[in-house]
Amino acid sequence: MTGLDLTGRTAIVTGASRGIGLAVARDLAAAGANVVLTSRKQDAADAAAAQVTAAGVRGTALGVGAHAVDEDAARRCVDLTVERFGRLDILVNNAGTNPAFGPVLAQDHARFAKTFDVNLWGPVLWTSLAVQAWMGEHGGAVVNTASIGGMAPEANIGLYNASKAALIHLTRQLALELAPRVRVNAVAPGVVRTRLAEALWKDHEDRLP
Ligand SMILES: NC(=O)c1ccc[n+]([C@@H]2O[C@H](COP(=O)([O-])OP(=O)(O)OC[C@H]3O[C@@H](n4cnc5c(N)ncnc54)[C@H](OP(=O)(O)O)[C@@H]3O)[C@@H](O)[C@H]2O)c1
């Protein structure tokens with residue numbers, strides 16, 4: 001994010017205890033933003049915030065334990081952010097899950113529900129809370145972490161990809177509904193060597209860029 005100055009801005013990054021979310025949080029804080037990092041576990045969120053601070057960033061990093069679809073925890077996190085930093089300019093809906101590896105018809109309702117709950121309802125819930133608490137009046141930017149898999153079918157991660165395809169559509173829908181005050185965008189990463197994507201890269205290094 002060279003050249004980007006976010007001094008005085010505040011961001012929440014969900015699912016920031018490791019992987020893509022932690023890297024995004026570190027970059028936002030390096031650009032000067034105050035950043036709230038979430039994880040399901042408070043200690044993991046605290047450890048991630050400490051890692052961001054240790055990187056010598058300009059912004060302040062704060063860890064908050066909040067499951068992506070626990071409405072009370074999400075509301076507490078958004079309220080705490082506005083209370084602590086006075087504003088909420090950026091929301092990165094990054095928390096994601098893939099408990100349903102394999103063909104779609106081999107999945108059960110529990111894995112389907114968890115996948116769509118975390119990957120699709122989570123962004124709706126957090127965006128709604130951010131709009132209510134700050135962005136609806138003052139404006140802001142929402143970024144949803146989708147996936148390249150949401151744009152084309154692929155073996156073994158069909159249900160996850162369907163949730164990301166839905167997230168891409170949801171992003172367009174919310175962009176329409178919240179314009180012009182709130183910008184809503186999605187990013188669609190390819191394979192990144194993180195825990196979530198382990199099945200895609202661990203024994204296939206030769207096929208990855
Ligand atoms: N890696 C890839 O190749 C790839 C490609 C495209 C898109 N993505 C997307 O990128 C995002 C980040 O994934 P990653 O690859 O960085 O995976 P990761 O390293 O496994 O990180 C996942 C993060 O999400 C958090 N999380 C998981 N379930 C959660 C829940 N129910 N509530 C709150 N936080 C939750 C985890 O925190 P705790 O475990 O500490 O709670 C962790 O911080 C996801 O949306 C994923 O779908 C990844």
Side-chain angles (χ1 to χ4, degrees), residues 11-28 35-52 61-78 81 91-101 110-127 129-130 142-168 170-171 184-205 207-209:
I12 293 177
V13 183
T14 69
S17 61
R18 57 178 186 268
I20 294 171
L22 177 58
V24 168
R26 194 188 303 117
D27 276 2
L28 289 170
V35 182
V36 174
L37 299 88
T38 82
S39 153
R40 282 166 290 187
K41 295 166 235 87
Q42 182 65 50
D43 56 349
D46 288 341
Q51 273 191 65
V52 170
L62 179 70
V64 172
H67 192 292
V69 293
D70 177 341
E71 185 165 345
D72 290 340
R75 191 183 301 280
R76 276 197 299 277
C77 178
V78 168
T81 302
L91 169 66
V92 184
N93 285 310
N94 174 76
T97 191
N98 183 17
F101 196 75
R111 288 193 288 260
F112 176 92
K114 182 174 177 185
T115 304
F116 274 76
D117 221 22
V118 173
N119 295 355
L120 198 63
W121 175 246
V124 174
L125 173 65
W126 285 76
T127 303
L129 292 170
V142 176
V143 179
N144 295 323
T145 309
S147 168
I148 200 169
M151 294 189 254
E154 206 176 342
N156 290 324
I157 49 172
L159 206 53
Y160 168 85
N161 280 354
S163 75
K164 293 298 185 176
L167 181 59
I168 290 168
L170 179 82
T171 302
V184 187
N185 288 284
V187 291
V191 177
V192 182
R193 291 167 180 77
T194 64
R195 193 185 302 176
L196 177 138
E198 222 165 66
L200 300 178
W201 58 266
K202 211 154 182 200
D203 299 317
H204 314 287
E205 286 285 350
R207 285 197 261 137
L208 295 177

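We're numbering straight along the sequence, starting at 1. Indexing begins at 1, ligand by ligand and atom by atom, following the structure's order. Only heavy atoms go into these numbers, but all of them, side chains included; no hydrogens, no water, no symmetry mates. Here the structure is a predicted model, which is why all the values come from computation and not from measurement.
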All side-chain contact (heavy atoms from CB on, under 4.5 Å) counterparts of Leu196, not counting sequence neighbours:
Tyr160, Thr194

Trp126 side chain to Ala74 main-chain N or O, any donor-acceptor pair under 3.5 Å?
no

Do any N or O atoms from the side chain of Lys164 and from the backbone of Thr145 form a donor-acceptor pair under 3.5 angstrom?
yes

Would you say that Asn161 contacts Pro153 through its side chain, given a criterion of any heavy-atom pair below 4.5 Å between the two side chains?
no

Mark yes or no for whether Asn119, through its side chain, and Thr97, through its backbone, hold a donor-acceptor pair below 3.5 Å.
yes

Less than 4.5 Å apart, any side-chain heavy atom of Val24 and any of Asn94?
no

Who's touching ligand 1 if we go heavy atoms under 4.0 Å?
Gly15, Ala16, Ser17, Arg18, Gly19, Ile20, Ser39, Arg40, Lys41, Ala66, His67, Ala68, Asn94, Ala95, Gly96, Val118, Thr145, Ala146, Ser147, Tyr160, Lys164, Pro189, Gly190, Val191, Val192, Thr194, Arg195, Leu196, Ala197

